[in-house]
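In what follows, a single structure is set out as structure tokens and then discussed.
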Amino acid sequence: MTEGVQTPSAFTPRIFSGIKPSGGLTLGNYLGAIQKFVAAQDAGTESIFCVVDLHAITVWQDPSDLRTATREVAAGYIASGLDPAKSILFNQSQVHEHAELAWIFNCVARVGWMNRMTQFKEKAGKNAEKQSLGLYAYPSLMAADILLYHATHVPVGEDQKQHVELTRDIAAKFNHDYKVDFFPIAEPVIEGPAVRVMNLRDGSKKMSKSGESDMERINMLDDADKIAKKFKKAKTDPEPLPETLDGLDGRPEARNLVNIYASLSGQTSEQVISDYAGAGWGKFKPALADLAVEKLAPISDEMRRLMDDPTEIDKILAQGAERARAIAAPVLKRTYDIVGMVR
């Protein structure tokens, strides 16, 4: 619906993105999201980052585990370099305007749009009728998360791009139906070689916090010894690294490790291949392990320190929620005025 529509220039550039607190953070979260969030913040772009705990309960969560996971995501943001004084960091449930705007968007979005959401089909499988209504409708909540702050850019993984497209459709339909230019048409931002970090034991699968073996993934709370061990034992193939990037075709494990090295080092995958062309895994994997320990161990150490003091994390999230509501409340009020609610 929104193909070709540009973000109105009247809107101040603003980034919004969030991470769902369902299980622990992995290297995929860091390279695919958090590292880029910090770069955007440091570039001076106004940024709002959210722990989307309302999204987490679309499937049942143990309450104690959810609280811990929410704090872990916040700790991961902070330990990775996100400065709560520069960016706004909060958890979604502390800003009630998210849920209120989501209801309005439930009334704007069409059932046919929701039926096209591939992620619901993948998660629900053959048991769609037994899934929560929240899991089906949560793209409307995601749209509310973004548009509540008039965000113009949304860093997301490839698997979430469809939901940003739905957000654009909802914004366009709302603007058209009420003859306003109120909500921006947000742009998805997908970049970098390791947007999709893959499983260390099977390069054809995405790295997941719910995988069967802990050796499949790098957890952001792993200490230096675990990080090194997992990379040194990561699955590879018998061939050395090729002379060119094309030589990684059909070699998913090799490509994954090269991409991870590139993202951790700030290089392109082509540069990594140039540096290690012809090298065997006995040389490359220890080098990758050393690099990963250098970059990730300080983050995991700081995360553990923060997790040991949940009061500090809760205070940061509460302060962020106050700042978030200062933006969100006027947007919701204006939305109600546009719709015609008596308040």
Side-chain angles (χ1 to χ4, degrees), residues 15 17 25-45 47 76-77 79-82 153 155-159 161 188-207 216-220 222 224 226-237 239-302:
I15 287 173
S17 200
L25 288 176
T26 70
L27 180 64
N29 298 122
Y30 176 71
L31 293 181
I34 297 175
Q35 182 177 248
K36 294 176 175 58
F37 297 169
V38 174
Q41 167 197 267
D42 292 346
T45 306
S47 304
Y77 275 126
S80 299
L82 195 145
H153 296 83
V156 288
E158 187 66 41
D159 59 344
K161 184 180 178 182
V189 180
I190 302 172
E191 58 185 359
V195 165
R196 203 168 163 80
V197 180
M198 309 307 281
N199 188 311
L200 295 181
R201 310 300 293 173
D202 181 351
S204 67
K205 297 179 181 178
K206 188 176 178 181
M207 184 178 287
E216 297 176 5
R217 58 188 171 270
I218 302 295
N219 304 301
M220 291 306 295
D222 284 344
K226 281 187 179 180
I227 294 169
K229 179 181 179 181
K230 288 179 179 181
F231 275 118
K232 289 176 181 177
K233 290 185 174 293
K235 182 181 176 182
T236 51
D237 55 40
E239 300 299 320
L241 287 168
E243 300 288 330
T244 67
L245 200 59
D246 290 344
L248 293 176
D249 291 348
R251 302 175 63 184
E253 287 80 22
R255 182 178 292 277
N256 184 40
L257 295 185
V258 168
N259 283 349
I260 290 172
Y261 191 108
S263 282
L264 286 172
S265 65
Q267 297 175 286
T268 65
S269 296
E270 288 85 354
Q271 288 172 318
V272 176
I273 287 294
S274 175
D275 290 344
Y276 285 93
W281 295 108
K283 177 180 179 180
F284 185 78
K285 288 204 292 185
L288 173 57
D290 289 344
L291 174 64
V293 168
E294 176 189 347
K295 297 291 185 180
L296 301 176
I299 296 174
S300 65
D301 289 345
E302 177 63 5

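This one's a predicted model, so the numbers in the text were calculated from it and none came from an experiment. Nothing fancy with the numbering, it's 1 onward along the sequence.
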Which residue pairs satisfy the side-chain hydrogen bond (donor to acceptor under 3.5 Å, both in side chains) criterion with at least one member in residues 285-296, sequence neighbours excluded? none
OG (Ser47) and CZ (Phe37) are apart, to the nearest 0.5 Å, by 9.5 Å
What salt bridge (charged side-chain N to carboxylate O under 4.0 Å, His left out) pairs are there with at least one residue in residues 257-280, not counting sequence neighbours? none
Which residues share a side chain to side chain contact (heavy atoms under 4.5 Å, CB included) with Asp202, sequence neighbours left out: Asn199, Ser204, Lys205, Glu253
Residues passing the salt bridge (charged side-chain N to carboxylate O under 4.0 Å, His left out) test with Asp249, sequence neighbours excluded, are Arg255
Could you check whether any side-chain N or O of Ser269 sits under 3.5 Å from a backbone N or O of Ala262, counting only pairs where one atom can act as donor and the other as acceptor? no
Check Glu216, Arg217, Lys230 against Leu200 for a side chain to side chain contact (heavy atoms under 4.5 Å, CB included) and give me the one that passes. Lys230
For Trp281 and Glu239, indicate whether the former's side chain and the latter's backbone hold a donor-acceptor pair under 3.5 Å. yes
Run the side-chain hydrogen bond (donor to acceptor under 3.5 Å, both in side chains) test against Gln35 and tell me which residues pass, sequence neighbours left out. none
Identify the residue among Thr26, Asn29, Ile34, Leu25 that makes a side chain to side chain contact (heavy atoms under 4.5 Å, CB included) with Met220. Leu25
Side chain to side chain contact (heavy atoms under 4.5 Å, CB included) with Ala292: which residues, sequence neighbours excluded? Ile227, Phe231, Leu264, Leu296
NZ of Lys233 to CZ of Arg201: how many Å apart, nearest 0.5 Å? 8.0 Å
In chain order, what residues pass the side-chain hydrogen bond (donor to acceptor under 3.5 Å, both in side chains) check against Ser274, with sequence neighbours excluded? none
Nearest non-hydrogen partners of Gly81 and Gln41, listed with the distance: O-NE2, 3.2 Å
Under the side chain to side chain contact (heavy atoms under 4.5 Å, CB included) rule, collect the residues that match up with Pro242, sequence neighbours excluded. Leu248, Arg251, Ile273
Listed by chain and number, what are the side chain to side chain contact (heavy atoms under 4.5 Å, CB included) partners of Ala279, not counting sequence neighbours? Tyr276, Lys283
